[in-house]
Amino acid sequence: MRGQIGQLMQQAQRMQEEMKRAQEEIAKLEVTGSSGGGLVSVTMNGAHEVRRVQIDRKLFADDPEMAEDLVAAAINDAVNKVAEVSKNKLGGVTSGLNLPPGFKMPF
């Protein structure tokens, strides 16, 4: 019984280390979301900090309200990309635990 608990503790410690490593990798990554067929692009890091916004200058003159909508859409696209990468990286860490489908870790 003690051996099983010891193994479980070691497995939990390894998973915690892998989780920390994956979270550090995610924080460093950059993704680019875009909208309007590339008229607007937003580069964001894994911590959801916007690093760069690029907007086709003609868009402001032609339709400033559309420019605002496209900026929002590009940000949302970048957020979704960060979420997808996070899900893939963190999901790999917990894959060996045989957790029930849909179970979410508390972190």
Side-chain angles (χ1 to χ4, degrees):
M1 184 69 148
R2 284 188 177 174
Q4 291 175 343
I5 292 174
Q7 287 177 337
L8 183 62
M9 293 299 289
Q10 287 177 347
Q11 184 180 8
Q13 186 175 5
R14 278 194 305 272
M15 186 186 76
Q16 186 177 15
E17 290 168 0
E18 290 176 21
M19 185 72 68
K20 182 179 178 184
R21 197 172 319 118
Q23 289 170 333
E24 289 170 355
E25 288 177 21
I26 291 167
K28 292 177 185 177
L29 75 88
E30 283 193 350
V31 299
T32 300
S34 63
S35 64
L39 292 173
V40 176
S41 65
V42 173
T43 301
M44 175 181 291
N45 68 15
H48 295 98
E49 296 170 338
V50 174
R51 296 294 186 191
R52 201 168 29 260
V53 176
Q54 295 173 313
I55 304 170
D56 187 321
R57 302 287 183 237
K58 294 185 291 183
L59 191 57
F60 286 118
D62 294 344
D63 193 348
E65 291 170 350
M66 180 185 283
E68 293 168 353
D69 292 341
L70 291 176
V71 168
I75 290 171
N76 290 334
D77 186 41
V79 167
N80 289 333
K81 287 180 179 180
V82 169
E84 184 65 28
V85 170
S86 296
K87 178 182 170 187
N88 290 337
K89 281 196 179 283
L90 296 176
V93 172
T94 60
S95 63
L97 295 178
N98 298 322
L99 298 172
F103 183 82
K104 294 183 181 182
M105 297 296 283
F107 35 78

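Below, each value reflects all heavy atoms present in this structure, side chains not excepted, and no hydrogens, waters or symmetry copies.
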Trainee: Which pairs with one or both residues in residues 70-82 pass salt bridge (Lys or Arg N to Asp or Glu O under 4.0 Å), sequence neighbours excluded?
Mentor: D77-K81
Trainee: If you look at every heavy atom in V42 and A78, which pair is closest and at what distance?
Mentor: O-CB, 4.0 Å
Trainee: Going through the distances and angles, do H48 and V82 end up as a side-chain contact (heavy atoms from CB on, under 4.5 Å)?
Mentor: CA-CA 8 Å; H48 295 98; V82 169; 3.6 Å; yes
Trainee: Throw together a table of side-chain donor-acceptor distances under 3.5 angstrom for residues 65-73, partners on residues two or more places apart or in other chains.
Mentor:
none

Trainee: Which residues pass the side chain to side chain donor-acceptor pair (under 3.5 Å) test with E25, not counting sequence neighbours?
Mentor: K89
Trainee: Kindly compute the distance separating CD (Q13) from CD (E17), expressed to the nearest 0.5 Å.
Mentor: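 Those atoms lie 5.0 Å apart.
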Trainee: Taking salt bridge (Lys or Arg N to Asp or Glu O under 4.0 Å) as the test, write out the residues that go with E84, two or more places apart.
Mentor: none
Trainee: Taking atom CG of L29 and atom CE of M44, what is their separation to the nearest 0.5 Å?
Mentor: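 Interatomic distance, L29 CG to M44 CE, rounded to 0.5 Å: 11.0 Å.
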Trainee: Applying salt bridge (Lys or Arg N to Asp or Glu O under 4.0 Å), name anything that partners R51, two or more places apart in sequence or on another chain.
Mentor: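 For R51 the salt bridge (Lys or Arg N to Asp or Glu O under 4.0 Å) partners, ignoring immediate neighbours, are E49.
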Trainee: Check side chain to side chain donor-acceptor pair (under 3.5 Å) between Q54 and all other residues, then give those that pass, not counting sequence neighbours.
Mentor: S41
Trainee: Show your working on side-chain contact (heavy atoms from CB on, under 4.5 Å) between E18 and M15 and close with a plain yes or no.
Mentor: CA-CA 5 Å; E18 290 176 21; M15 186 186 76; 5.6 Å; no
Trainee: Where do V50 and N45 land on the side-chain contact (heavy atoms from CB on, under 4.5 Å) test, with the steps shown first?
Mentor: CA-CA 7 Å; V50 174; N45 68 15; over 6 Å; no
Trainee: Taking only residues two or more places apart in sequence or in another chain, which ones pass salt bridge (Lys or Arg N to Asp or Glu O under 4.0 Å) with R57?
Mentor: none
Trainee: What pairs with K58 under side chain to side chain contact (heavy atoms under 4.5 Å, CB included), at least two apart in sequence or on another chain?
Mentor: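 In terms of side chain to side chain contact (heavy atoms under 4.5 Å, CB included), with neighbours along the sequence ignored, K58 is linked to D56, D62.
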Trainee: So how far is it from L8 CG to Q10 CD, rounded to the nearest 0.5 Å?
Mentor: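 With rounding to 0.5 Å, CG (L8) is 10.0 Å from CD (Q10).
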Trainee: Just verifying a value: how many Å separate I75 CD1 and S34 OG, rounded to the nearest 0.5 Å?
Mentor: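 Atom-to-atom, I75:CD1 and S34:OG are 12.5 Å apart.
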Trainee: Mind checking what makes side chain to side chain donor-acceptor pair (under 3.5 Å) contact with T43, not counting sequence neighbours?
Mentor: T32
Trainee: Any side-chain heavy atom of V40 sitting closer than 4.5 Å to one from L59?
Mentor: yes
